[in-house]
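Below is one structure; the comments refer to it alone.
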Amino acid sequence: MPTPSDYNGKVPAAAGAARTSYVPPHLRNRPLSAEAASAPVARSGGYSAGPRNDRIGGSSSYIGGGGGGWNNRSNGWDRGREREANPFQDDLETEQEFGSRDNTGINFDAYEDIPVETSGKDVPSPVSTFAEIDLGEALNLNIKRCKYVKPTPVQRYAIPISLAGRDLMACAQTGSGKTAAFCFPIISGIMKSSQSAPSPPSFSRMAYPFALILSPTRELSVQIHEEARKFAYQTGVRVVVAYGVIDCSGQLRDLEKGVDILVATPGRLVDLLERARVSLQMVKYLALDEADRMLDMGFEPQIRRIVQQMDMPPAGVRQTMLFSATFPKEIQCLAADFLSNYVFLAVGRVGSSTDLIVQRVEYVLETDKRSHLMDLLHAQIANGNQGKQALTLVFVETKKGADALEHWLCINGFPATSIHGDRSQQEREYALRSFKSGKTPILVATDVAARGLDIPHVAHVVNFDLPNDIDDYVHRIGRTGRAGKTGLATAFFNDNNSSLARPLSDLMLEANQEVPAWISRFAARSSYGKNRRGGGGGRFGGRDFRRDTSYNRGGTDYYSVGAGHSSNGYNASSGYGPATVTSAWD
DNA sequence: AAAAAAC
């Protein structure tokens, strides 16, 4: 179990000076009377010069009024003025609306025999209860409020690993509790270390988050923010989200009020860094959600810029956690640049009784897709599968295609809406709400909705247009069958998708799905996807590329230990041997 | 070739 000194080992020497006046996060939310008493002595740490105290003492209005701006992480004084909104309020309302809603709880029976694999040096042991982990009283209370009874597989492994201060690359299906897996250690770590945290190093309107969480879409950032706010409720740890167009929702104001955990999309964060509204020099935790997407061709330059070319502490000083349901080898290779002596964690995806998604592939010509979709929707209605308890998510390839299909569905009497990158943020958020509430139980979407979004009650995912990449398919169908519930995924396949035939049929075979015989005709034609997973079998969304025999970084820190050091090092006595490979399956 | 993400 980590001690506070584990968390503070890298804190500058000046830290001690701040101790007496600093108000740690867990005390920031005390009632106003208690706060007021300590206000005049708001932290005057080593960095803090006179002006800060003058400002605090002499001004009755805080942030926003004067524009001078100061990072007020340092005082709990103004925090008491605003009551922290109860982030659990929405849950109560939704719960009433849906009657006995049980999706806050995970169906643990379905996860009982899930395969788990770890690799890396000295992998910390997993836990089986939250009680075994010292997360702190406030966080434990929030876990109860979230109705989490016991940790999910990814949480059982990832939380001890990250509490031990280790970097992590984790493959786990979204909906299996990933967000909590990286939020709990971050919140807990910030609470513990804050007792001796250094002051922000300058006097400006810049924000100095301790933790940075990046995700590839605005909606996913919103979702992570909402979840993180629940976990951080009344801990004093402040969570702020930044995404999309300039400050339509008071994001800049929130930043100025101080931030401990910043959740952001990459473009927005680059913008904030350029405007010098955010500094990354205090970042102790970096988490990338949907990390393989964050490091693909479209995002990689931005991520490199943020992580390597700004003022963020380097790998090894900060703690880095990468999460995704899929982790292609090439991306793992790239990701190694951002990690230091990391643990690789893979939580089973398919191939066991945990597979809760029934997958179907149907041969549908381009011209027949619409009428075929209508048949499916009619059949669903005939089965009594409709309304807000049985939402249908339809994926198409293009934004134009999404608009067209939405329009066509609507004029044919189907209550549909759509979400894609050409719609305004307002429209996007409205569409998502309208879908979630069941007002429009059909949502037509581009890949913007493929990853990470947690939408309860999605009973059916239709791949109206199949993606070109099997990993995208995996993420898309993962919008159903969540939290232990079952789901259906139907794909419309035709000659345009022949490149996907082999990986798709492989994936379905792994998942014990019925694969139509005709698909092998296409599979034979294409060589795409061969060995994409490093021949590592299909139980996982990925396999540690460091274990691949073709990978040899000889002389790097990964395999520096041990006699009999082989070309891959995996079976050498370097800590990668079978003894450290744990599996809940065996 | 398309999608996502800042102004």
Side-chain angles (χ1 to χ4, degrees), chain A residues 174 207 212-225 240-252 255 262-278 280 288-307 309-310 324-326 328 331 366 393-406 418-429 431-432 443-453 463-476 479 492 494-500 526 528:
Chain A
T174 39
L212 180 62
I213 300 172
L214 295 174
S215 94
T217 66
R218 299 170 186 174
E219 285 75 15
L220 187 51
S221 283
V222 168
Q223 180 182 302
I224 294 168
H225 174 242
V240 174
V241 67
Y243 63 90
V245 290
I246 183 73
D247 211 31
C248 46
S249 53
Q251 292 168 15
L252 278 180
L255 271 179
L262 178 60
V263 184
T265 48
R268 195 76 185 87
L269 179 61
V270 167
D271 173 53
L272 289 170
L273 291 165
E274 280 173 356
R275 295 155 174 262
R277 301 303 291 257
V278 170
L280 301 177
L288 302 190
D289 202 8
E290 307 300 337
D292 61 332
R293 165 64 79 240
M294 303 300 278
L295 295 173
D296 80 2
M297 290 204 307
F299 276 120
E300 197 222 349
Q302 275 176 311
I303 300 299
R304 271 194 196 283
R305 185 123 186 261
I306 293 165
V307 178
Q309 290 160 29
M310 302 309 237
S324 181
T326 53
I331 301 289
E366 226 40 64
L393 181 50
V394 183
F395 282 104
V396 295
E397 198 56 29
T398 65
K399 294 178 275 201
K400 262 176 76 179
D403 282 335
L405 185 58
E406 176 201 6
S418 71
I419 186 167
H420 61 71
D422 274 356
R423 303 200 75 187
S424 73
Q425 193 56 30
Q426 239 183 359
E427 290 173 319
R428 285 165 61 156
E429 280 166 25
L432 204 52
L443 179 66
V444 183
T446 60
D447 267 328
V448 69
R451 284 168 171 265
L453 292 188
N463 272 292
F464 189 89
D465 301 317
L466 272 163
N468 295 314
D469 191 311
I470 190 64
D471 286 342
D472 291 333
Y473 173 84
V474 169
H475 285 275
R476 285 181 178 186
R479 293 320 96 212
F492 295 176
N494 61 41
D495 297 46
N496 298 331
N497 311 114
S498 56
S499 70
L500 202 66
S526 165
Y528 171 90

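In this text, all values refer to a predicted model and were calculated from it rather than measured experimentally.
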Can you find a side chain N or O atom of [X] that sits less than 4.0 Å from OP1 or OP2 on [N]?
X      : N     : result
A/K400 : B/dA2 : no
A/R428 : B/dA5 : yes
A/T446 : B/dA4 : yes

Practice item. Keeping the roles fixed (side chain from A/E427, backbone from A/S424), state whether a donor-acceptor pair exists under 3.5 Å. Key: yes
Review point. Do the side chain of A/Q251 and the main chain of A/Y243 share a donor and acceptor less than 3.5 angstrom apart?
Key: yes
Separation of [N] [atom2] from [X] [atom1] (nearest whole Å):
X      : N     : atom1 : atom2 : answer
A/L214 : B/dA6 : CG    : P     : 11 Å
A/R476 : B/dA3 : CZ    : P     : 11 Å
A/R275 : B/dA6 : CZ    : C1'   : 8 Å
A/D403 : B/dA2 : CG    : P     : 15 Å
A/E290 : B/dA4 : CD    : C1'   : 12 Å
A/R277 : B/dA6 : CZ    : P     : 16 Å
A/L269 : B/dC7 : CG    : C1'   : 15 Å
A/E300 : B/dA4 : CD    : C1'   : 15 Å

With a 4.0 Å cut-off on heavy atoms, is [X] in touch with a base, just the backbone sugar-phosphate, or nothing at all?
X      : answer
A/P266 : nothing
A/V270 : nothing
A/R218 : sugar-phosphate
A/G421 : sugar-phosphate

Between [options], which one does the side chain of [X] approach most closely?
X      : options             : result
A/N468 : B/dC7, B/dA1, B/dA6 : B/dA1
A/T398 : B/dA4, B/dA3, B/dA6 : B/dA3
A/T265 : B/dC7, B/dA4, B/dA5 : B/dA5

Point to revise | Test applied, side chain to side chain contact (heavy atoms under 4.5 Å, CB included); reference residue, A/S418; option that passes from A/V394, A/V444, A/L405 | key: A/V444
Point to revise | Heavy-atom closest contact (A/E397 atom, A/L466 atom, distance) | key: OE1-O, 3.4 Å
**Study point:** A/S221 and A/T265 side chains, donor-acceptor separation under 3.5 Å
**Key:** no
